[in-house]
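See below for the structure under consideration.
We use all heavy atoms of the structure for the numbers below, so side chains are in, but hydrogens, waters and symmetry mates are not.
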Amino acid sequence: MVSEIAAASAPPLPLAAIVIDWFHANRRDLPWRRDGFTAWGTLVSEFMLQQTPVSRVIPHLEDWLTRWPTPADLATVPPGEAVRAWKSLGYPRRALWLHACAVAITEEFGGVVPDDVDALLTLPGIGDYTARAVAVFAYGGRHPVVDTNIRRVIARVVDGNADPGPPNARRDLPAMESLLPGDRAASVAFNAGMMELGAIVCVARAPRCDGCPLSEACAWRLAGYPAYDGPRKAVQKKYEGSDRQVRGLVMAELRASHIPVTRAELETLWPDSAQRERAIAGLVADGLAVENPDGLVLP
DNA sequence: GAATCGTGGCG
DNA sequence: TCGCCAAGATT
């Protein structure tokens with residue numbers, strides 16, 4: 001269940017007004033901001049944007065929506081077609097989950113993407129961020145949206161920290177809620193504006209404070225840009241030589257082939273047989289690959 | 001709560 | 001070169 005925390009009694013709004021004004025003047029022209037972009041398009045874009053940069057998403061999004069303009073269109077094809085069309089966006093189970101979403105939306109929601117956060121949360125691959133992003137950006141709902149950009153902006157501007165540390169919905173959602181304007185349209189623009197600010201100005205590595213509309217009020221800047229000293233995000237393991245790399249190689253092979261991929265062909269991909277078999281078993285367990293007598297195929 | 005899950009670009 | 005980062009979700 002979602003429990004939206006009641007807005008703090010003190011009306012916070014200079015910050016929101018500044019961000020909203022800045023957003024209206026500086027927002028990028030992105031596909032999901034076009035007039036007439038559908039709720040389904042928003043859902044697809046949010047899936048693709050999970051941990052994948054905007055620049056890599058855009059071309060695939062256009063292809064995807066041209067081919068499957070509604071959930072019902074996607075629901076009619078096998079899940080493997082979704083995985084194939086996912087190309088090299090990464091984390092291919094997102095494609096599987098998106099296909100499962102299309103089926104559930106078609107069968108349980110009359111083909112209409114739900115506008116309710118709790119309903120969205122019942123769908124596969126949709127968590128706190130994506131549920132709110134769809135409810136807000138597709139339907140204009142008033143909810144706090146918290147992504148990595150917004151967490152960073154709040155950490156700096158409000159808390160005076162260089163880095164937000166590990167995500168924590170119990171803390172992050174109320175923090176954003178306390179800043180959110182009461183007006184629905186304003187709250188949508190504020191959510192989008194905070195994300196945009198984090199994406200193009202208050203960026204992780206080299207923030208462009210010169211162009212930041214919040215620089216005068218930024219607690220981190222006013223404190224002299226202290227270095228971050230809190231708990232670090234988990235360090236990402238090396239990709240080269242990892243199981244993830246092997247899985248990626250196998251999936252690339254499956255996407256490229258329209259006939260079963262044999263064990264012999266997979267042997268040429270990766271010499272370490274134990275690791276290769278582990279990757280294959282994992283992909284089968286995840287439903288990303290299916291074993292048949294002739295070899296491995298997409299589901 | 002920590003580990004796992006792709007891929008590519010950038011400083 | 002290589003570590004960090006990218007509109008997260010699941011187990």
Exercise for the section: For B:dC10, take OP1 and OP2 only and decide whether either is under 4.0 Å from a side-chain N or O of A:R205. Expected result: no
Practice task
Establish, with yes or no, whether the OP1 or OP2 oxygen of C:dT10 is under 4.0 angstrom from a side-chain nitrogen or oxygen of A:R94.
Solution key: no
Handout entry: A:D286/A:R247 salt bridge by N-O under 4.0 Å criterion
Key = yes
Problem - side-chain N/O A:T52 vs B:dG6 OP1/OP2, d < 4.0 Å - result: no
Practice task
Could you tell me whether the side chain of A:Q236 has a donor or acceptor atom within less than 3.5 Å of a complementary atom in the base of B:dT7?
Solution key: yes
Handout entry: Polar pair under 3.5 Å, donor/acceptor by atom type, side chain A:R56, base B:dT7
Key = yes
Problem - Short side-chain N/O contact from A:S88 to OP1 or OP2 of B:dT7, under 4.0 Å - result: no
Exercise for the section: Figure out the CD1/C1' separation between A:I126 and C:dT10, and round it to whole Å. Expected result: 14 Å
Handout entry: Length of the CD-P vector between A:Q51 and C:dG8, whole Å
Key = 5 Å
Fill in the blank from the handout: Of A:P53 and A:D243, the one whose closest nucleotide on DNA chain B sits nearer the 5' end is A:D243
Problem - Under 4.0 angstrom between A:K237 side-chain N/O and B:dT4 OP1 or OP2 - result: yes
Practice task
Return no unless some side-chain N or O of A:Y239 is found under 4.0 Å from OP1 or OP2 of B:dG6.
Solution key: no
Exercise for the section: Taking A:D147 for its side chain and A:I150 for its backbone only, find out whether a donor-acceptor pair lies under 3.5 Å. Expected result: yes
Practice task
Return yes if a side-chain donor-acceptor contact under 3.5 Å exists between A:Y129 and A:Q50, otherwise no.
Solution key: no
